[in-house]
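Here's the structure we're looking at; comments come further down.
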Amino acid sequence: GSSKLKKIVLAAVIAVFAVSNAKKSKEEPKETYESEGMALGMCFGVAIGTSFGFNTGIGLSMGMLLGLLIGSNIQKKK
């Protein structure tokens with residue numbers, strides 16, 4: 001039902017971010033917030049996974065991936 005739809009939507013969002021990052025990787029490397037995004041994503045993933053009754057490991061890994069993808073799209077200002 002609704003749970004399967006949420007997983008499909010989340011997988012689609014991750015796939016879109018991954019494809020956009022693959023296209024950007026051909027450009028010159030820039031300073032981004034990848035590591036900060038991963039750290040925050042892991043924290044939020046565990047918190048959300050625990051509070052909604054998901055598997056904590058799944059919440060951690062999904063949060064880490066989403067944090068990495070979001071953080072890698074934000075440029076650090078010099």
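All of these numbers come straight from a predicted model, not from anything done at the bench.
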For this session: Apply the side-chain contact (heavy atoms from CB on, under 4.5 Å) test between Met38 and each candidate in Leu69, Leu66, Leu68, Ile70; give the one that qualifies.
Result: Leu68
For this session: Treat each ILVMFWY residue as a node, draw an edge where side-chain heavy atoms are under 4.5 Å apart, and state whether Leu40 and Met42 are in one component.
Result: no
For this session: Identify whether the distance between the nearest side-chain nitrogen and carboxylate oxygen of Lys76 and Glu34 falls below 4.0 Å.
Result: no
Exercise. Between Ile48 and Ser51, what is the shortest heavy-atom contact and its length?
Worked result: O-OG, 3.2 Å
